[in-house]
K.L.:
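Pasting a structure below so you can have a look.
Treat the numbers as computed from the prediction; the structure is a model and nothing was measured. Reminder, nothing fancy here: chain letters follow the sequence lines and each chain counts from 1.
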There are 2 protein chains.
Amino acid sequence: MRNESTIHSQTSSTLADRIRHEMETFTTSEKRAAHVLLSHYPFAGLETVAEFAARAGISAPSVLRFVTRLGFSGFPEFQKHLREELEARLLSPLAKASPIGAGQAAPALASFTDAVIGNLNATLENIAPAEFEAVVALLSDPRRHIHFTGGRFTGALARYAESHFRIVRSQVDYIDGQPALWRDRMIEIGRKDVLVVFDIRRYQEDVIALSETAAKQGATVVLLTDPWLSPIARVARHVLPAHISAPSNWDSSIGLMLIAEALVGAVTRRLWDTARLRMEAVEKLRKDA
Amino acid sequence: MRNESTIHSQTSSTLADRIRHEMETFTTSEKRAAHVLLSHYPFAGLETVAEFAARAGISAPSVLRFVTRLGFSGFPEFQKHLREELEARLLSPLAKASPIGAGQAAPALASFTDAVIGNLNATLENIAPAEFEAVVALLSDPRRHIHFTGGRFTGALARYAESHFRIVRSQVDYIDGQPALWRDRMIEIGRKDVLVVFDIRRYQEDVIALSETAAKQGATVVLLTDPWLSPIARVARHVLPAHISAPSNWDSSIGLMLIAEALVGAVTRRLWDTARLRMEAVEKLRKDA
DNA sequence: CGAAAGCTGTACCAAAAATTTCAAAACGAC
DNA sequence: GTCGTTTTGAAATTTTTGGTACAGCTTTCG
């Protein structure tokens, strides 16, 4: 019996490295498996045991013994590891590709900016143009009444959006997330209303309740959330997810802000004839005051 | 019955593109599946049907219908396609370089995102690391009392920042920009206070007045503004300018948001010992409620 | 040369996965 | 509101997959 104590320590090294390192200790068919895996790393390992075995010209049990010897409890666990490794590798180039010359003096803001830019790109990637345009059309419909709301942190974003839309068009307001404050207002929300709700993890109970109630009343719900989707997605007509990860103890809402501002811009353009007049009127009021 | 003739033509486009393009024709749960897949593309699709379904919050059959609707004969074929696509992408980094370029559908959001990313890079360039760090140190001083304020639109950003800082540390509040509301509070603002003010063009008279009054009382003023600098810069100890141009009739405040979030993150880290306790306490209160 | 030890593959089994069926629920049109 | 249609998920079914036992083969070393 040979050394079985190869625990796969997550010491930052990739599985491929370990395999190369232990190559000499493998048996003949294990070497074949290792070689095939390394030459199509890691995709060969993502197929089924039988396919992997056939590709390597060995039997299925040999493949199983191979992954067991690497320290995995079974083939699925082995595949899970490969997937995670691959995902990490695919996401990291962005973070890696920023050669901040000045050594380490200013990492805080710079690394944060990098991460946010990555989020914005990912957010753009994940939003269907048609979905975005549909929301623009919805918010540009002057017959609709539009309500904004959000949670503890995202409530500020809802307010931000509302403060712009309020100028662009009429029939716009903000609903505070606290149940006591919105219960009464629900009586006047119906089919012609649109609820734009911001909600990221941890999804807030009262905001969910508000949205569900509005949906039940027939309102059209537009949800801006994170990639894991707030439960509100179940009742939402349109879902616009934004990536929110950041090198911080907090999530970043900048992706949501991007969507919000883009919506404001698009709707303003679409309603420009009337929006222009409203904006001029507001401007005039400010000067007079 | 809807259009079923969606054959997956390999016209050089990735599956993700096709999903985005057909998003509007999907049913509710198909959309959920699509969003989850796109958000963690393509790894979400490499798990089992059951895991994918759970992650998307839908049932396994819905996942099956989703992949069938995409033109695959079954889930394994779907996974095979994802693996091959991923392998191709990984082998030729250039292949993925043009996800948007072939300009067709998504001009509004895409161009907006481009502009915003340009703003963020420019903002990062123009902020001296030392200045940023100085502000972090200032906001991390537990003896200071910190007040946030802003204008019509930027007020929401001030609120956003305040809602985070309020949890990280004590002595945090938000001051409404309207003179009637802050006049009285000024009596208790002095040398130990910090005023963080958000102000971009058109610079708002009342916010300027508030800041000047606070400065006159001896408060330290931190200003987040645009590159043309609000008049408040005259009385501010620290100025952090952010680029705000966007392909829109409105300015973009995302650069300000970037700075705000970066400050939150940095201060949280610096005060972690106490911040952690406060965050846990808040979490506990939420659960109990 | 012969026996022990260790690899390897065939055949089989158990477990888990994908898929189908079908009835309930949601939706929309009238 | 009511009816017909579409959509959806629970449960049953079928298929596939990973895993195991065992026997033959090869190698090694006395």
Side-chain angles (χ1 to χ4, degrees), chain A residues 1-4 22-37 44-83 190-192 212-221 231-238, chain B residues 1-4 22-36 44-83:
Chain A
M1 189 56 71
R2 267 194 331 276
N3 169 29
E4 291 290 342
E22 295 179 19
M23 184 66 85
E24 312 102 85
T25 73
F26 291 151
T27 72
T28 311
S29 55
E30 282 170 351
K31 274 182 189 154
R32 285 181 132 191
H35 193 259
V36 167
L37 177 58
L46 293 180
E47 304 173 338
T48 67
V49 172
E51 285 168 327
F52 187 9
R55 196 193 275 238
I58 58 179
S59 70
S62 293
V63 172
L64 270 303
R65 284 187 282 263
F66 172 63
V67 305
T68 303
R69 214 182 144 332
L70 290 174
F72 298 100
S73 69
F75 200 73
E77 199 203 322
F78 166 71
Q79 289 190 318
K80 183 158 172 278
H81 179 94
L82 288 180
R83 278 201 307 268
R191 289 191 189 288
K192 292 204 165 173
E212 286 173 345
T213 305
K216 202 161 290 174
Q217 305 254 64
T220 303
V221 175
I232 297 174
R234 300 183 66 89
V235 299
R237 176 76 59 90
H238 300 289
Chain B
M1 190 58 69
R2 264 192 335 276
N3 170 29
E4 291 290 341
E22 295 179 20
M23 183 67 82
E24 54 185 344
T25 72
F26 291 152
T27 71
T28 311
S29 54
E30 281 169 352
K31 276 185 191 151
R32 277 177 78 84
H35 276 130
V36 168
L46 294 179
E47 302 174 340
T48 67
V49 171
E51 285 168 328
F52 187 8
R55 195 193 273 240
I58 59 180
S59 70
S62 292
V63 172
L64 269 300
R65 283 187 283 263
F66 173 64
V67 303
T68 302
R69 218 177 147 313
L70 290 174
F72 298 99
S73 69
F75 199 74
E77 200 204 321
F78 165 72
Q79 289 190 318
K80 184 159 169 277
H81 179 94
L82 288 180
R83 278 199 308 268

K.L.:
Of all the choices, dG9(C), dG9(D), dC7(C), which nucleotide is nearest to the side chain of Ser59(B) once you look at every atom?
P.N.:
dG9(D)
K.L.:
Nearest nucleotide by nearest heavy atom, which residue falls closer to the 5' end of DNA chain D, Pro76(B) or Thr28(B)?
P.N.:
Thr28(B)
K.L.:
Of the options dT8(C), dG9(D), dG19(D), whose atoms approach the side-chain atoms of Phe75(A) most closely?
P.N.:
dG19(D)
K.L.:
For DNA chain C, whose closest nucleotide is more 5', that of Arg234(A) or that of Glu51(B)?
P.N.:
Glu51(B)
K.L.:
In whole angstroms, how far is the C1' atom of dT8(C) from the NZ atom of Lys31(A)?
P.N.:
15 Å
K.L.:
Assign Ala50(B) to base, sugar-phosphate, or nothing according to its heavy-atom contacts below 4.0 angstrom with the strands shown.
P.N.:
sugar-phosphate
K.L.:
Could you give the CD-to-C1' distance, from Gln79(B) to dA16(C), as a whole number of Å?
P.N.:
14 Å
K.L.:
Closest to the Leu64(A) side chain: dG18(D), dT19(C), dA17(C)?
P.N.:
dG18(D)
K.L.:
Grab the CZ-P distance between Arg69(A) and dT8(C) for me, whole Å please.
P.N.:
11 Å
K.L.:
How many Å lie between NZ on Lys80(A) and P on dT17(D), as a whole number?
P.N.:
21 Å
K.L.:
What is the distance, to the nearest angstrom, from the CZ atom on Phe26(A) to the C1' atom on dT8(C)?
P.N.:
17 Å
K.L.:
Any heavy-atom pair between the side chains of Arg234(A) and Arg32(B) that's under 4.5 Å?
P.N.:
yes
K.L.:
Within the modelled atom types, does a donor on one side and an acceptor on the other bring the side chain of Arg65(A) and the base of dG19(D) under 3.5 Å apart?
P.N.:
no
K.L.:
Looking at dT8(C), dA11(D), dT10(C), which one has an atom nearest to any side-chain atom of Pro61(B)?
P.N.:
dA11(D)
K.L.:
Are OP1 or OP2 of dT8(D) and a side-chain N or O of Ser62(B) less than 4.0 angstrom apart?
P.N.:
no
K.L.:
Are any non-hydrogen side-chain atoms of Arg69(A) and Phe26(A) less than 4.5 angstrom apart?
P.N.:
yes
K.L.:
For the residue pair Thr48(A) and Glu51(A), confirm or rule out a side-chain donor-acceptor distance under 3.5 Å.
P.N.:
yes
K.L.:
Looking at the side chain of Thr48(B), which of dT8(C), dA17(C), dG9(D) is the nearest nucleotide?
P.N.:
dA17(C)
K.L.:
Between Gly57(A) and Arg237(A), just flag the one whose closest nucleotide in DNA chain C comes earlier from the 5' side.
P.N.:
Gly57(A)
K.L.:
Is there a side-chain contact between His81(A) and Glu77(A), using heavy atoms and a 4.5 Å cut-off?
P.N.:
no
K.L.:
Could you state the CD1-C1' distance from Ile58(B) to dA26(C), rounded to the nearest angstrom?
P.N.:
16 Å
K.L.:
Is any side-chain heavy atom of Phe52(A) less than 4.5 Å from a side-chain heavy atom of Leu37(A)?
P.N.:
yes
K.L.:
Please report, rounded to the nearest Å, how far the C1' atom of dA18(C) is from the CZ atom of Phe72(B).
P.N.:
16 Å
K.L.:
Taking atom C1' of dA25(C) as reference, at what distance in whole Å does atom NZ of Lys216(A) sit?
P.N.:
14 Å
K.L.:
If you check the Ala60(B) side chain, which of dA18(C), dC7(C), dT19(C) turns out closest?
P.N.:
dT19(C)
K.L.:
Looking at Thr27(B), does any N or O in its side chain come under 4.0 Å of the phosphate oxygens OP1/OP2 on dT8(D)?
P.N.:
yes
